[in-house]
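Okay, so here's the structure we're looking at.
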Amino acid sequence: MYKVSHKELKAWVEEVKAMCKPDSVHWCDGSQEEYQQMLQVMVDAGLGTPLNSKKRPGCYLFRSHPSDVARVENRTFIASKKMEDAPSPDVWVEPEELKATMRKSYDGCMKGRTMYVIPFSMGPIGSPISKIGVEISDSPYVAFNMKIMTRIGAAVIDALGSDGEYVRCLHSVGSPLAEGEKDKAWPCAPSIDDKYISHFPEERMIWSYGSGYGGNALLGKKCFALRIAAVQARDEGWLAEHMLILKLTDPNGKVHYVCGAFPSACGKTNLAMLEPTVPGWKVETIGDDIAWMKFGKDGRLYAINPEAGFFGVVPGTSMKSNPNAMKQIQTNTIFTNVGLTDDGDVWWEGSGMPAPSHLIDWKGKDWTPDSGELAAHANARFTTPAEQCPVIAPEWEDPAGVPISAILVGGRRKTTVPLVNESRDWNHGVFLGSIMGSEITTAAITDNVGQVRRDPFAMLPFFGYNKGDYLQHWLDIGKNADASKLPKIYFVNWFRKNADDKFIWPGFGENSRVLKWIIERLSGTGKAAETPIGNLPTADAIDLNGLNLSAKDMEELLKIDKDEWKAEIESIREDYKTYGTRLPKALADELDKMEKRLNL
Ligand code: OXD
Ligand code: MN
């Protein structure tokens, strides 16, 4: 064990120990041996399966409880001191009241278990943009996933010193064991109402209870790097965003860095690792989910990927959608909730690999192609080290970050929104970010299938504070910066459909054609026409060489239909009402100006 000189941290660990009453405490050192031991504990207990070492060396499969398969947005709370500082009244609970409730759940909740203390750094240790957290968890699954997703262990304790700042992250699966009781395959609190994913923004603290899955439990990701970091970013003048970061090299060898905000299930990981179809262009990856951006001395915005691994959705990942991820998850990867084939490999829907005649599905049951059930859960995940990505950029861990030239925003819209739209200026770009969203495709969220769910900057599930204040912060970032050095914001939509309900744009690697146009615009050569909604490529501006796309299709992709925009403006006005008095005036003005320009 290493020496911990941080008195306050030691006191907090003691306090949690006294409350949760674990059998033992383990301070994670972050070594490879420790990682293997933690995996082995679960394998020995029959809770995890090593995969065939010839096919997937270093890979393991875990199956979660069917009630614990995704982030629980309706059990996610922002306990700011004042209700109006929370993203919405629905997610707010008075902090002391919430703590009192949760303390009752935490009392004795780790009995029979080991309490892991996981010091972690979001971002390269020592970077001026990085931040430190300490997660206390009673789940070894969380501990070894955190080892992949963040930088953990002794080096972080060193960086923290005797009085460094850190975010306190407390997690329990909420399933204490009685003396001699055998553990469940996936311990978690039995009922959804017993689960809490709570944030105390003013105290920079997270309390999570009852779930062992993904963003509910790996607290460095959504809870810290988005919800708490967004509050830190607001207070300190930077940006913590739900964005990929990619590096684009043009045929002249010039490098450009681009961030992109897309809601879940819009192909963010695929775009981050894209294989360009345009000759001479190269894409490399810096990050696939989160970007932290701070101004450098030169006045430009520099981004780091605060994570060290990718926690990606498995179903749909194939050699067509993401060949690089397919290679990346061949080794040293944790799979959760996919099918297990008879030869010890994994299989999932949309893999492009033929379905085996038999496997064990994500629920642990026999499965055949005729079962009529999914072999892999729709939100099955891989956890895989970023450094294994075949196209990871060499500078992905540069402590200084990378200077951002463009920011993409976009959702899934089958009508109305063109393939790409360049903002007129920063405020207009923030306006475009505020109106992005996707059509609701599943009745699981509400009954309003087809209606647009606005998801400003893809942050709807991840706001850590009032959403109007969040947009105001974006406007303030622009106000205080040198406009010529700010990234340009582009609104993209890969998902427009034709009258036959078919996607018009081929997507995936072909999205490089749109990236190329964006870079041409930034360097002053790309052709665009000013329109009422922003600057759109002219009909011949996007390189379509080698692509079977008709002029009519292109016209459709860039069409601005007045009736659709009339309905769009009404729908934006409805959404803007949900901001109440905290809607930034500059955005209301942008909407009015657009309406005027459209002359509806
Ligand atoms: C994710 C998400 O898991 O955005 O990255 O839901
Ligand atoms: Mn995400």
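Positions are given from 1, in the same order as the sequence printed here. Note that ligands are numbered from 1 as they come in the structure, with each ligand's atoms numbered from 1 the same way. Atoms considered below: every heavy atom in the structure, side chains included; atoms not considered: hydrogens, waters and symmetry mates.
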So for atom CD, which belongs to Glu165, do other residues, nucleotides or ligands contribute more than 12 heavy atoms lying within a distance under 6.0 Å?
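No, the 6.0 Å shell around CD holds no more than 12 heavy atoms from other groups.
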Hey, is the Mn ion (ligand 2) within less than 2.8 Å of some N/O/S atom on Lys222?
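Of the N, O and S atoms in Lys222, at least one lies under 2.8 Å from the Mn ion (ligand 2), which means yes.
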Are a donor atom and an acceptor atom from the side chains of Arg454 and Ser571 found within less than 3.5 Å of each other?
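Yes, a side-chain donor-acceptor pair sits under 3.5 Å.
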Quick check on contacts: which atoms of ligand 1 are under 4.0 angstrom from a heavy atom of [X]?
{"X": "His242", "answer": "4 (O)"}
{"X": "Asp289", "answer": "5 (O)"}
{"X": "Arg381", "answer": "1 (C), 3 (O)"}

Considering only the protein, which heavy-atom contact is closest to [atom], and what is its distance?
{"atom": "atom 5 (O) of ligand 1", "value": "Lys222 NZ, 3.0 Å"}
{"atom": "atom 6 (O) of ligand 1", "value": "Arg71 NH2, 2.7 Å"}
{"atom": "atom 4 (O) of ligand 1", "value": "Ser264 OG, 2.8 Å"}

Is any NZ, NE, NH1 or NH2 atom of the basic residue among Lys222 and Glu307 found under 4.0 Å from an Asp or Glu carboxylate oxygen of the other?
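The answer is no: the pair does not qualify as a salt bridge.
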Note: Arg413-Glu568 ion pair, threshold 4.0 Å (strictly below)
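Here Arg413 pairs with Glu568 in a salt bridge, since their nearest N and O are under 4.0 Å apart.
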How far apart are the closest heavy atoms of Val492 and Trp494, and which atoms are they?
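Shortest heavy-atom contact: CG2-CZ2, 3.8 Å.
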If you check every N/O/S atom of Asp289, which is the one nearest the Mn ion (ligand 2)?
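Considering only N, O and S atoms, Asp289 comes nearest to the Mn ion (ligand 2) through OD1.
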For the Mn ion (ligand 2), which N, O or S atom of His242 is at the shortest distance?
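When I compare the N, O and S atoms of His242, NE2 is nearest to the Mn ion (ligand 2).
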Both conditions, 6.0 Å and 45 degrees, for the charged tip of Arg496 above the ring of Phe503: are they met here?
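Cation-pi check for Arg496 and Phe503: fails.
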Let me confirm one number: the SG-CD1 distance from Cys169 to Ile206, rounded to the nearest 0.5 Å.
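Output value for this atom pair is 4.0 Å.
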